[in-house]
Trainee: 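One structure coming up, written as structure tokens, with questions to follow.
Predicted model only: the values in this text are computed from it and were never measured. FYI, side chains are in, hydrogens and waters are out, and symmetry mates aren't considered; it's all heavy atoms of this structure.
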Amino acid sequence: MLGPVILAASRSDKMRRLVSAAPVTKPVVQRFIAGEAVDDVVPVVKHLTDRGLEVSLDVVGEDITTPEQSTAARDAYLKLIDHLEGLGLGERAEMSVKLTLFGQALPGGHELALANIRPVVEAAARIGTTVTLDAEDHTTLDSMFAIHEELRKDFPQTGCVIQAYLYRTEADARRLAANGSRVRIVKGAYKEPASVSFQKKAEIDKAYVRILKILMEGEGYPMIGSHDPRLIAITQELARRVGRKLDDYEFQMLYGIRGEEQTRLAAEGHRVRVYTAYGTDWYGYFMRRLAEKPANLRFFARSILTKG
């Protein structure tokens, strides 16, 4: 059970310094992180969309401690939108945001995060795209859903994320599927207690399928965040059963993982969106990618051994 250990390490300053200083880290991180600056990520976006894929862009960073940092995060997204405007990609390049980066966990954080995210959503709408609010640990979700509901009054295309490993998520899915939301379903990548979440992989997978069925039968637009071939096949079967067309839902996968499968699904006519992260504060994001899947950890360990 290395996943929980790695998730704990993602919050450790000591581990952050150790991993960041390792000579092998940078080339391995580049598998998952598209660059450190917006000028790095724009060519990546162009390359992915030229291959028939779509993207969701995440300026990585969490655990801010001051309102000034939350304002800087807002400005980083506004700068990204300015760069994307000239590409004319419309909804093929959306944004994903973590509200903690916008100040949600600070004193008065709910109002601060809403004030910071609104101009980003407005700017995204101006260039023909949208924003999806990422799910974080369970203590942040009531605030996230409230902000999502508030933003959708003026920008109904605003999306949100739900996590299959939380007990609450089936109820959240029923509420969201009924009102036309754009909803991304993922398994979940935070260390959560047994009091609020399933702990065993088999239980999480079963919950994922139950929630996926709710979304596919609902009135919203499901976004299936998974690299699991079985869940992808189940999604396709459910879509056939309920009569959803290929553009009535989409698959989402991480940058650097299963690129051939992304291309294959897109070639079959599916909408495939690549979750593409960039920025200098990459450590927490990178460690959660290792925790999510043993193959990612093996890839990192193998790189360390071969680089010696």
Side-chain angles (χ1 to χ4, degrees), residues 1-12 15 28 31-32 56 58 62 96 98 134-141 160-174 176-177 183-217 222-239 249-262 264-265 272-275 277 284-303:
M1 296 294 291
L2 286 175
V5 176
I6 298 171
L7 287 174
S10 73
R11 298 280 184 172
S12 167
M15 284 300 299
V28 177
R31 170 177 173 171
F32 302 103
S56 187
D58 174 16
E62 297 172 66
S96 288
K98 291 179 173 59
D134 275 329
E136 301 181 69
D137 75 78
H138 75 280
T139 65
T140 68
L141 294 184
C160 70
V161 178
I162 56 177
Q163 302 168 103
Y165 67 171
L166 296 177
Y167 301 145
R168 65 173 289 170
T169 301
E170 285 189 59
D172 289 330
R174 290 190 183 93
L176 292 165
V183 182
R184 179 196 304 150
I185 175 175
V186 299
K187 289 186 179 181
Y190 291 82
K191 180 175 172 55
E192 298 283 14
S195 59
V196 301
S197 69
F198 298 107
Q199 301 293 304
K200 295 180 180 179
K201 180 181 184 303
E203 294 176 328
I204 296 170
D205 287 350
K206 289 177 182 178
Y208 193 107
V209 174
R210 291 195 300 270
I211 296 161
L212 177 60
K213 189 171 185 289
I214 293 169
L215 295 179
M216 295 297 282
E217 292 177 347
M223 302 180 287
I224 296 83
S226 179
H227 307 95
D228 187 331
R230 176 174 167 270
L231 292 178
I232 291 170
I234 289 172
T235 298
Q236 292 171 313
E237 176 59 27
L238 286 173
Y249 63 98
E250 67 183 49
F251 293 107
Q252 295 196 3
M253 299 185 187
L254 297 172
Y255 176 76
I257 299 180
R258 301 202 74 198
E260 291 182 1
E261 177 68 357
Q262 296 171 12
R264 183 189 72 80
L265 288 168
V272 181
R273 194 176 301 275
V274 183
Y275 190 101
Y285 177 87
F286 174 64
M287 294 298 281
R288 282 195 300 279
R289 300 294 77 76
L290 296 184
E292 281 178 346
K293 192 175 181 184
N296 295 343
L297 181 59
R298 288 196 295 270
F299 174 83
F300 188 38
R302 189 165 57 245
S303 299

Trainee: Say you draw a straight line from SG of C160 to CG of L176; how long is it, rounded to the nearest 0.5 Å?
Mentor: 4.5 Å

Trainee: Please assess I224 against L231 for the test side-chain contact (heavy atoms from CB on, under 4.5 Å), listing each intermediate value before the final yes or no.
Mentor: CA-CA 9 Å; I224 296 83; L231 292 178; 5.7 Å; no

Trainee: Check for a donor-acceptor pair, side chain of Q199 on one end and backbone N or O of E192 on the other, with a separation under 3.5 Å.
Mentor: yes

Trainee: Can you list everything that forms a side chain to side chain contact (heavy atoms under 4.5 Å, CB included) with E203? Sequence neighbours excluded, please.
Mentor: F198, K200

Trainee: Under the salt bridge (charged side-chain N to carboxylate O under 4.0 Å, His left out) test, which residues partner R168, sequence neighbours left out?
Mentor: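 R168: salt bridge (charged side-chain N to carboxylate O under 4.0 Å, His left out) contacts with D142, D172.
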
Trainee: Look at D137 together with K191 and state whether they make a salt bridge at an N to O cut-off of under 4.0 Å.
Mentor: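 Here D137 does not pair with K191 in a salt bridge, since their nearest N and O are not under 4.0 Å apart.
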
Trainee: The criterion is side-chain hydrogen bond (donor to acceptor under 3.5 Å, both in side chains); which residues satisfy it with T140, sequence neighbours excluded?
Mentor: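 Not a single residue meets the side-chain hydrogen bond (donor to acceptor under 3.5 Å, both in side chains) criterion with T140.
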
Trainee: Please name all residues satisfying side chain to side chain contact (heavy atoms under 4.5 Å, CB included) with P193, sequence neighbours left out, ordered by chain then number.
Mentor: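 Once residues adjacent in sequence are excluded, the partners of P193 under the side chain to side chain contact (heavy atoms under 4.5 Å, CB included) criterion are H138, S195, V196.
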
Trainee: If you round to the nearest 0.5 Å, how far is CD of Q163 from OG1 of T169?
Mentor: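 One finds 6.5 Å between OG1 of T169 and CD of Q163.
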
Trainee: For the residue pair V186 and Y208, what are the closest heavy atoms and their distance?
Mentor: C-CE1, 3.8 Å

Trainee: Going through the checks in order, is the side-chain contact (heavy atoms from CB on, under 4.5 Å) test met by I185 and M223?
Mentor: CA-CA 6 Å; I185 175 175; M223 302 180 287; over 6 Å; no

Trainee: Decide whether E237 and T235 meet the rule of one side-chain donor and one side-chain acceptor closer than 3.5 Å.
Mentor: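 Note: E237 and T235 side chains miss the donor-acceptor criterion.
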
Trainee: Identify, with sequence neighbours excluded, every residue that meets salt bridge (charged side-chain N to carboxylate O under 4.0 Å, His left out) alongside K201.
Mentor: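 Here the qualifying residues are D205.
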
Trainee: For Q252, enumerate each residue passing the side-chain hydrogen bond (donor to acceptor under 3.5 Å, both in side chains) test, keeping only those at least two apart in sequence or located in another chain.
Mentor: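 R184, E250.
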
Trainee: Report the residues that fulfil salt bridge (charged side-chain N to carboxylate O under 4.0 Å, His left out) with E217, sequence neighbours left out, ordered by chain and then residue number.
Mentor: K213

Trainee: Taking it one step at a time, do I162 and L215 satisfy side-chain contact (heavy atoms from CB on, under 4.5 Å)?
Mentor: CA-CA 11 Å; I162 56 177; L215 295 179; 4.1 Å; yes

Trainee: Can you name the ring-ring contact (aromatic ring centres under 6.0 Å, His included) partners of F251, sequence neighbours left out?
Mentor: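 For F251, the residues satisfying ring-ring contact (aromatic ring centres under 6.0 Å, His included) (neighbours in sequence not counted) are Y249, H270.
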
Trainee: Given side-chain hydrogen bond (donor to acceptor under 3.5 Å, both in side chains), test D134 with Y275 step by step and report yes or no.
Mentor: CA-CA 11 Å; D134 275 329; Y275 190 101; 2.6 Å; yes

Trainee: Measure across A177 and I214 and return the closest heavy-atom pair with its distance rounded to 0.1 Å.
Mentor: CB-O, 3.9 Å

Trainee: So, for A207 and A164, which heavy atoms are closest and what is the spacing to 0.1 Å?
Mentor: CB-O, 3.5 Å

Trainee: Begin from the C-alpha positions of L212 and I234 and carry the test side-chain contact (heavy atoms from CB on, under 4.5 Å) through to its verdict.
Mentor: CA-CA 9 Å; L212 177 60; I234 289 172; 4.3 Å; yes

Trainee: Return the minimal non-hydrogen interatomic distance between P229 and R258, and the atom names on each side.
Mentor: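 So the two residues come closest at CG-NH1, 3.5 Å.
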
Trainee: Who pairs with E261 by side-chain hydrogen bond (donor to acceptor under 3.5 Å, both in side chains), at least two apart in sequence or on another chain?
Mentor: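 Checked E261 against side-chain hydrogen bond (donor to acceptor under 3.5 Å, both in side chains); matches are R264.
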
Trainee: If you take all heavy atoms of M253 and I232, which pair is closest and at what distance?
Mentor: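 Heavy-atom minimum between the residues: CE-CD1, 3.4 Å.
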
